[in-house]
There are 2 protein chains.
Amino acid sequence: MSTAQTDLAVLAALSVEPMTGYRLREAILRDLGAFWSESFGQIYPAITRLREQGFVATEHGERTGSSVHRLTEAGRTRLVELLREPATSPPPRNGLLLRLFFGDALGPEACRALVADARGRAEALLTELAAVRRDADAERAPELPYRLITISAGEHAARAWIAWADETDAVLAALTPATSPVR
Amino acid sequence: MSTAQTDLAVLAALSVEPMTGYRLREAILRDLGAFWSESFGQIYPAITRLREQGFVATEHGERTGSSVHRLTEAGRTRLVELLREPATSPPPRNGLLLRLFFGDALGPEACRALVADARGRAEALLTELAAVRRDADAERAPELPYRLITISAGEHAARAWIAWADETDAVLAALTPATSPVR
DNA sequence: ACAAACATGTAACCAGTTACATGATTCA
DNA sequence: TGAATCATGTAACTGGTTACATGTTTGT
């Protein structure tokens, strides 16, 4: 059946603590947002499906009409099963690099703007990760090292983009007619 | 209408030289494969659509039944138009980091295997990019610097993954019960 | 003669987003 | 009392892959 991706994320998030579908999405956005995403349109059907399969159990929440979902024992087993499955990554689609590859048709100045933009986003990610790291360090839990591993991955990636952006900007600057060193 | 992503890739690839749909896919795989992908199921309908819109023109190829597609003037304009549009990146879905985030439920040894696998893929990419770089350096063309920019992006990313993998392996090694420094 | 590569296209399916519809609760 | 937030869910759509069906040409 293999809607495995979403199932995994939902089960994994619920393994931390029981919550409503709404909170689930918030948790995914907050904790996994740097490398994962789920929308309501995925989450609610997934919960229903997982309940039918006996992997989550649902109780009434504090608010009228709200439901709090928690992992069952079978659900915990299923979670480990899904975690063990090989990670399938979606086919690459990097719009920035596609544009730069055909940058000659776009012009060096427009390319520099694209690169500067990417640099900015990497810089922002780095700042955000610094905050996440600070928060994470506060808690004492056996999961901490795993949290730090994913944070570190984000940091390595961001620093790599920044270094590439700087190098690339220099290349493009040398290419712009106005700055060309003809004199 | 915004099937813009595929349209852009097809128009861009055809801007280099006219070719058949089959060759188009090969070219995309070979030249853009590190950061882009298109399947036949996308390419053929896209070509039909772009021809109806007057952006590509089609002539008979050498083989019976084969069609060679080329960019029209309107197509070239359209290409630049699409290149100028902001690059929309798909929502992140990194199965590796998702698994590592919940690595405590998976165990340090399984995590190390995942990391080692990722390191291997980064290493392989690096080797492949070295070959691509060698090939690219041979040709003398105004597009060369742009080719090199995308290659460099891949190299930076791959090196970042390798550094992260090594760092992470050390962390996980210290976590494995067998190696734990209790003595 | 046969296999591999070249070539085109469609249909079925899948994953996922977005927009919509609806309503309760909290807080200023 | 009204806005923001919490909460659930569906329907329509989009973008994309995979598998299939079909046939030609090239090379061995």
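To find a chain, count down the sequence lines: A is the first, B the second, and so on, and within it residues start at 1.
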**Q** Rounded to the Å, how far apart are A:Asp7 CG and C:dC14 P?
**A**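 The answer, rounded to whole Å, is 14 Å.
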**Q** For nucleotides 17-28 of chain C, just jot down a letter per nucleotide in 5' to 3' order: B, S or -, based on protein non-hydrogen atoms under 4.0 Å.
**A** BB-----BSS--
**Q** Expressed as a whole number of angstroms, how long is the span from B:Tyr44:OH to D:dT18:C1'?
**A**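 B:Tyr44 atom OH is separated from D:dT18 atom C1' by 15 Å.
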**Q** Has the side chain of A:Thr6 got a donor or acceptor atom that lies under 3.5 Å from a matching backbone atom of A:Gln42?
**A**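 Not confirmed, A:Thr6 side chain does not pair with A:Gln42 backbone.
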**Q** In whole Å, what is the span from the CD atom of A:Glu59 to the C1' atom of D:dA7?
**A**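 Atom CD in A:Glu59 sits about 17 Å away from atom C1' in D:dA7.
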**Q** Scan A:Asp104, A:Leu172, A:Leu175, A:Leu100 and name whichever one has a side chain to side chain contact (heavy atoms under 4.5 Å, CB included) with B:Pro145.
**A**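 Passing option: A:Leu175.
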**Q** Can you check the A:His69 NE2 to D:dC6 P distance for me, whole Å?
**A**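 It is 16 Å, rounded to the nearest whole Å.
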**Q** Using whole Å, what does the distance between atom C1' of nucleotide C:dA7 and atom CD1 of B:Ile47 come to?
**A**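 Checked: the CD1 to C1' distance equals 11 Å.
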**Q** With no hydrogens and no angle check, is any side-chain donor or acceptor of B:Ser15 less than 3.5 Å from a backbone partner on B:Ala12?
**A**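 Pair found, side chain donor or acceptor close to backbone of B:Ala12.
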**Q** Do B:Ser37 side-chain atoms and B:Gly33 backbone N/O form a donor-acceptor pair below 3.5 Å?
**A**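 Such a contact is absent between B:Ser37 side chain and B:Gly33 backbone.
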**Q** Could you tell me whether the side chain of B:Arg99 and the main chain of A:Leu83 form a donor-acceptor pair under 3.5 Å?
**A**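 Flag set: sc B:Arg99 to bb A:Leu83 pair under 3.5 Å.
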**Q** Quick one: is C:dG16 close enough that its OP1 or OP2 comes under 4.0 Å of any side-chain N or O from A:Thr6?
**A**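 For A:Thr6, the contact criterion (side-chain N or O under 4.0 Å from OP1 or OP2 of C:dG16) is met.
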**Q** Can you tell whether the side chains of B:Glu26 and B:Arg30 come within less than 4.0 Å, N to carboxylate O?
**A**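 No salt bridge links B:Glu26 with B:Arg30.
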**Q** The helix from C:dA1-D:dT28 to C:dA28-D:dT1: angle between its terminal axes, five pairs each, to 10°?
**A**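 Comparing the first five pairs with the last five, the axes sit 30° apart.
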**Q** Under 30°, 30 to 60°, or over 60°: which ring-plane class applies to A:Phe35 and B:Phe101, parallel, tilted or perpendicular?
**A**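 Tilted.
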**Q** For DNA chain D, determine which residues of residues 14-36 of chain B have any heavy atom closer than 4.0 angstrom to one of its atoms, and list them numerically.
**A**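 Heavy-atom cutoff 4.0 Å gives no residues at all.
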**Q** Is it true that A:Arg93 and B:Glu38 make a salt bridge, defined as a side-chain N closer than 4.0 Å to a carboxylate O?
**A**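 So A:Arg93 pairs with B:Glu38 through a salt bridge.
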**Q** Got a salt bridge between A:Arg133 and A:Glu155, using NZ or NE/NH1/NH2 to carboxylate O under 4.0 Å?
**A**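 A:Glu155 and A:Arg133: salt-bridged.
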**Q** Do B:Arg49 and B:Asp7 sit within salt-bridge range, that is, some charged N less than 4.0 Å from a carboxylate O?
**A**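 Salt bridge present between B:Arg49 and B:Asp7.
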**Q** When you measure from the side chain of B:Thr168 to the backbone of B:Ala165, do you find a donor-acceptor pair of N or O atoms at a distance under 3.5 Å?
**A**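 Answer holds: no.
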